[in-house]
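Inspection log for the structure reproduced underneath, given as structure tokens.
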Amino acid sequence: MDSGGFMQAFQNELICSICMNYFIDPVTTDCGHSFCSPCLHLCWEEALTPLSCPECRAVSEKLEFKTNIVLKRLASLARQARANHISSSEQQICATHQEAKGLFCEVDKTLLCVSCSESPEHGAHSHYPLRWAADEYREKLLKRMGSLWKMNQEMQNNLNQETDKIQSFENYVSLRKVTIRAQYQKMHLFLQEEEQVHLEALEKEAKETSDQLKESVFRMAQQKESLKEMYRELTEVCHKPDVELLQVRRESPFSEAETLFWDFRNAMESITDVILHRAELVQMQKPQPVNPELTSWPIAGTLDMLNTFRVDNIVSLKTTIPNVSLSDEDARVTSGGDHHGEAAEPQRAEGFAVWGAEAFTSGRHYWEVDVSHSPNWVLGVCEDVLTNVTDIINNSVEAFLLFSTKVNNHYILSTNSPALIQYVKRPLGRVGVFLDYDDGTVSFYDVCTGSLIYSFLPSPFSSPLKPFLYLRAP
């Protein structure tokens, strides 16, 4: 093999088998084959089978690989050799000095020969070798592509979560229908018409919210596709020859909106600069997830009915819980009409847990708790023998609890046994708790609106139950 054939064979080893161009940010998979990192990302993104080598189909155990620095340098040299091979064309020869244009003017974004770079017109500007300038712009593109790909992966995770949320929400709506029907069965016959109106309103609102979730999924999918398309475009630009990568484009780009954008840009910017600006704009258009929340409709006569089973002065024991910061103002618990449970001592406590003075083994019992001073709280009933807060909240089967948790600027309501998010608005004042021991149910109500928050499905109780409240700091 002569030297020319050897060099050709050597350069062929620096070509990615996916895009058939010299490597851009090459990586080597577990099986030993090498590809452009962008090419491998896009190939695996669109693959329906487990992640495998595009050449030998060996399954990879990891998704990310480090850049092969040696291959990257060799590919850069091969790319430069190809550029040198075509640099003798008339387009790359200075018409004035008949010299090769080997320098890039950072200010004017043009290629210059050595003599032109020393002229008064360009003498004060910054000049860089063609290869160095092209590599710098290529690194900028790769950095932006890395950011785009990371955002693409985050969008995929958000898309999966939003899609799962649809099923969770629809299941919740179905369960909520069951609890509402059960609640209306306890009311008089004349409330049947109101029940139907309530369910129809829930159905309509649930459909609207479900449509919003589906629209959110659609927008996220569109954004993900836009990110991937921009990623592809940047990949294509990366593979352009150095001269084309750095050349100035004066014609109108892409669309009317982008034309308006172009008018405000420096008229001497390269096409690479414009594409980088477009990529930045795409990344700024990130859709926000939907937080579904149903309206809590009042159920006529509910509070009047519940107050016939009202229990006053139910709180008798308080316990300070370590490692939770809570002020004395947040530790006020109201039970019954104007009766107040014990408040914390006038000092800064770390947490506040309260149990009922009496354990219930039969009958119906209703009490109210003021939670307006604390964003994070847990209330409900638990087994008489349980005295450890952690066991009650996290591990107890015989505990029927409603949780309020503040996450960033959003409140989440949830219940246990089983764990279930409540897609209704968090009560801002008093929460009513109704224990029907004989029926095996525990229900929670928003006293301010007179609406049902949640009712556990009937299940026979096996032990005495005590009221429980835990207040904790944000």
Side-chain angles (χ1 to χ4, degrees), residues 176 179-188 191 194-195 198 296-318 332-342 353-374 377-384 386 392 398-404 413 415-417 422 424-461 463-471:
R176 186 161 181 82
T179 59
I180 289 174
R181 289 193 179 98
Q183 180 64 25
Y184 272 97
Q185 289 173 2
K186 300 175 182 179
M187 308 298 287
H188 298 292
L191 291 177
E194 185 179 345
E195 175 187 1
H198 191 157
S296 296
W297 284 66
I299 302 175
T302 297
L303 294 181
D304 292 336
M305 181 269 293
L306 293 174
N307 277 309
T308 62
F309 308 106
R310 196 177 192 112
V311 180
D312 293 332
N313 298 323
I314 197 169
V315 176
S316 66
L317 174 65
K318 70 175 186 297
R332 295 194 188 95
V333 180
T334 303
S335 173
D338 294 326
H339 300 277
H340 294 268
E342 291 187 356
V354 180
W355 283 264
E358 178 185 358
F360 302 116
T361 57
S362 64
R364 299 171 181 174
H365 312 275
Y366 174 74
W367 61 96
E368 295 178 359
V369 179
D370 187 353
V371 294
S372 60
H373 298 289
S374 178
W377 43 263
V378 184
L379 61 86
V381 297
C382 65
E383 284 183 290
D384 182 32
L386 293 177
I392 294 173
E398 277 298 310
F400 302 86
L401 306 172
L402 176 66
F403 299 77
S404 171
L413 275 184
T415 49
N416 65 338
S417 302
Q422 301 294 321
V424 293
K425 186 174 296 185
R426 170 182 172 269
L428 301 179
R430 301 164 70 84
V431 176
V433 184
F434 180 57
L435 168 64
D436 190 339
Y437 196 99
D438 298 331
D439 189 42
T441 60
V442 177
S443 306
F444 301 98
Y445 298 86
D446 186 337
V447 176
C448 181
T449 62
S451 60
L452 172 69
I453 298 174
Y454 182 69
S455 180
F456 288 90
L457 298 179
S459 176
F461 300 131
S463 60
L465 298 177
K466 271 188 175 183
F468 172 75
L469 169 66
Y470 173 49
L471 299 173

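Under the 4.5 Å side-chain criterion, counting only non-hydrogen atoms from C-beta, Tyr437 is in contact with Leu465. Taking 4.5 Å as the limit, some side-chain heavy atom of Leu379 sits within range of a side-chain heavy atom of Phe444. Between Leu452 and Ile299, some side-chain heavy-atom pair lies under the 4.5 Å cut-off. Using a 4.5 Å heavy-atom cutoff, the side chains of Phe461 and Val442 are in contact.
With values rounded to the nearest 0.5 angstrom, Leu435 atom CG is found 7.5 Å from Thr441 atom OG1. Here CZ of Arg310 is found 4.0 Å from CD of Glu368. Values are rounded to the nearest 0.5 Å. The distance from the CG atom of Leu303 to the SG atom of Cys448 is 10.0 Å, given to the nearest 0.5 Å. With rounding to the nearest 0.5 Å, the separation of CD in Glu358 from CG in Asp384 is 10.0 Å. Here the straight-line distance linking atom OG1 of Thr415 with atom CD1 of Ile453 works out to 10.5 Å at 0.5 Å rounding. The NE2 atom of His365 lies 8.5 Å from the CG atom of Asp436; values are rounded to the nearest 0.5 Å.
The environment of CH2 in Trp377 is crowded: more than 12 heavy-atom neighbours from other residues, nucleotides or ligands sit within 6.0 Å.
Every residue meeting the side chain to side chain contact (heavy atoms under 4.5 Å, CB included) condition with Leu428, not counting sequence neighbours, appears here in chain and number order: Arg426.
Panel note: side chain Thr308, backbone Met305; a donor-acceptor pair is recorded below 3.5 Å.
In summary, the aromatic rings of Tyr445 and Phe434 are positioned with their centroids too far apart to meet the 6.0 Å limit. Here the two rings, on Phe400 and Phe456, have centers that are under 6.0 Å apart.
For the pair Pro467 and Trp367, the tightest heavy-atom approach, listed with the atom from each and the gap, is CB-CZ2, 3.6 Å. The nearest pair of heavy atoms linking Ser296 to Lys425 is OG-N, 4.3 Å. Closest heavy-atom contact between Ser417 and Ala399: OG-O, 3.5 Å.
When the options Val369, Val447, Leu413 are evaluated for a side chain to side chain contact (heavy atoms under 4.5 Å, CB included) with Pro427, the one that passes is Leu413.
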